[in-house]
Amino acid sequence: MTTLWFYFTDFLSNPESWRGTDGIPNRMMEHALYTILALVISIALAFPVGLWTGHSGRGGAALTAIANSARALPTYGVLVLLVVMMGIGLVPVLIPLVALAIPPILLNTHEGIRAVSPQLTDAARGMGMTGSQVLLRAELPVALPFILVGMRTAAVQIVATATIAAAVSFGGVGRLIVDGLARRDFTLVVGGGILAAVAALIVLAFFAALRRFLVSPGLRAHAKGGH
């Protein structure tokens, strides 16, 4: 632990760590860009499907099978295969990250909507709401804590795995790790690893704030006990 702390403080205290394309600000911005792009694409693909299957009750078994199969994909292997097929570019980097993030978003959205009390949806329909109004005004707010857990899990997985972008000549904090290993510079390796952990903590803090902002206090207490 003392050695890790020494490497990390040496990394932070070096002025070169804060300047240029290899500097901490630039590498963190690149890492954030990969994470945000992959998360936004994953949510755009998985969230509507999870809402529909959860609300309609159709396709749940197929959805679970496909999502669990996607979880078994070897992320690094998929990245290498895509680079061989498509060449070096941002798309081959984003595809495995999106594939990694879709299952938790999809399953949590589906299960969150399915878990909403039938008495609540019956009451909403009894008030004259249409199917889409029942989904958006009654089911979605109640399921939101569980849905946010799925999005948070996906975001943490993306931010931790985005270091693989450096394996195909892209940036992010993984660049520090890959370059450090190539040069046997353990200051860079430790610095890059700890920056990846810091990025994951920033994601957790963001979703904690988002949950506090979006979810009503009563549902937060219920979700804390249930999830």
Side-chain angles (χ1 to χ4, degrees), residues 21-22 26-53 59-111 147 149-186 188-204 207:
T21 56
D22 283 332
N26 186 56
R27 292 307 183 198
M28 287 293 278
M29 288 295 292
E30 290 172 338
H31 208 83
L33 176 65
Y34 305 150
T35 301
I36 291 170
L37 278 176
L39 184 63
V40 168
I41 294 170
S42 304
I43 291 174
L45 294 174
F47 182 60
V49 177
L51 284 180
W52 182 80
T53 57
L63 179 82
T64 302
I66 293 171
N68 286 331
S69 300
R71 280 176 165 164
L73 288 175
T75 306
Y76 186 71
V78 173
L79 171 66
V80 172
L81 183 63
L82 289 171
V83 167
V84 171
M85 295 170 59
M86 304 171 66
I88 294 176
L90 186 58
V91 173
V93 172
L94 290 179
I95 289 175
L97 296 179
V98 170
L100 182 73
I102 281 179
I105 298 172
L106 196 55
L107 292 176
N108 275 49
T109 304
H110 171 81
E111 294 297 339
I147 293 171
V149 169
M151 292 182 180
R152 183 189 65 194
T153 302
V156 171
Q157 288 178 336
I158 290 173
V159 81
T161 312
T163 52
I164 64 172
V168 289
S169 303
F170 271 78
V173 298
R175 184 80 265 154
L176 302 172
I177 299 172
V178 171
D179 289 347
L181 288 172
R183 301 174 198 163
R184 297 184 65 79
D185 182 346
F186 296 110
L188 274 182
V189 175
V190 172
I194 292 180
L195 287 182
V198 169
L201 292 176
I202 292 172
V203 168
L204 290 175
F207 274 92

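Within 6.0 Å of CE on Met29 lie no more than 12 heavy atoms contributed by other residues, nucleotides or ligands.
Across Ala101 and Ala154, no two heavy atoms sit closer than the pair O-CB, 3.5 Å. Residues Gly50 and Thr109 approach most closely at C-CG2, 3.6 Å, considering heavy atoms. Nearest heavy atom pair, residue Ala200 against residue Val159, reads CA-CG1, 3.7 Å. In terms of heavy atoms, Arg27 sits closest to Gly171 at NH1-CA, 3.6 Å. Taking all atoms of both residues into account, the shortest heavy-atom contact from Val83 to Pro92 is CG2-CB, 4.1 Å.
Under a 4.0 Å N-O distance rule, the pair Arg175/Asp22 does not qualify as a salt bridge.
Residue Ile102 holds its CD1 atom at 10.5 Å from CD1 of Ile66, rounded to the nearest 0.5 Å. Here the OG1-CG distance, from Thr35 to Leu94, works out to 10.0 Å after rounding to the nearest 0.5 Å. How far CG of Leu39 is from CD1 of Ile158: 5.0 Å, rounded to the nearest 0.5 Å. Summarising the geometry, atom CZ belonging to Phe170 is positioned 14.5 Å from atom OG1 belonging to Thr163; distances are rounded to the nearest 0.5 Å.
Annotation: side chain of His31 is not in contact with side chain of Leu195 (no heavy-atom distance under 4.5 Å). Counting heavy atoms from C-beta on, the side chains of Leu63 and Leu106 come closer than 4.5 Å. Contact of the Ile105 side chain with the Ile43 side chain is registered, since non-hydrogen atoms from C-beta on lie closer than 4.5 Å. Here the side chains of Thr161 and Ile164 are in contact, with some heavy-atom distance below 4.5 Å. Under the 4.5 Å side-chain criterion, counting only non-hydrogen atoms from C-beta, Pro96 is in contact with Leu82. Contact check for Phe207 versus Val149: no side-chain heavy atoms found under the 4.5 Å cut-off. For the pair Tyr34/Leu90, a side-chain contact is recorded, criterion being any heavy-atom separation below 4.5 Å from C-beta on.
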inquiry  = Please determine whether side-chain contact (heavy atoms from CB on, under 4.5 Å) holds for the pair Phe47 and Ile147, giving the CA-CA distance in whole Å, both sets of side-chain angles, and the decisive distance to 0.1 Å.
reply    = CA-CA 9 Å; Phe47 182 60; Ile147 293 171; 3.9 Å; yes

request  = Check step by step if side-chain contact (heavy atoms from CB on, under 4.5 Å) holds for Leu188 and Ile177.
outcome  = CA-CA 6 Å; Leu188 274 182; Ile177 299 172; over 6 Å; no

task = Apply the test side-chain contact (heavy atoms from CB on, under 4.5 Å) to residues Leu204 and Val156: give CA-CA distance (whole Å), side-chain angles for both, the deciding distance (0.1 Å), then the verdict.
result = CA-CA 7 Å; Leu204 290 175; Val156 171; 3.7 Å; yes

query = Hey, mind stepping through Leu176 and Val189 against side-chain contact (heavy atoms from CB on, under 4.5 Å) and telling me if it holds?
reply = CA-CA 6 Å; Leu176 302 172; Val189 175; over 6 Å; no

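Panel note: side chain Asn26, backbone Thr21; a donor-acceptor pair is recorded below 3.5 Å.
When Val93, Ile95, Ile88 are each tested for a side chain to side chain contact (heavy atoms under 4.5 Å, CB included) with Val91, only one passes: Ile95.
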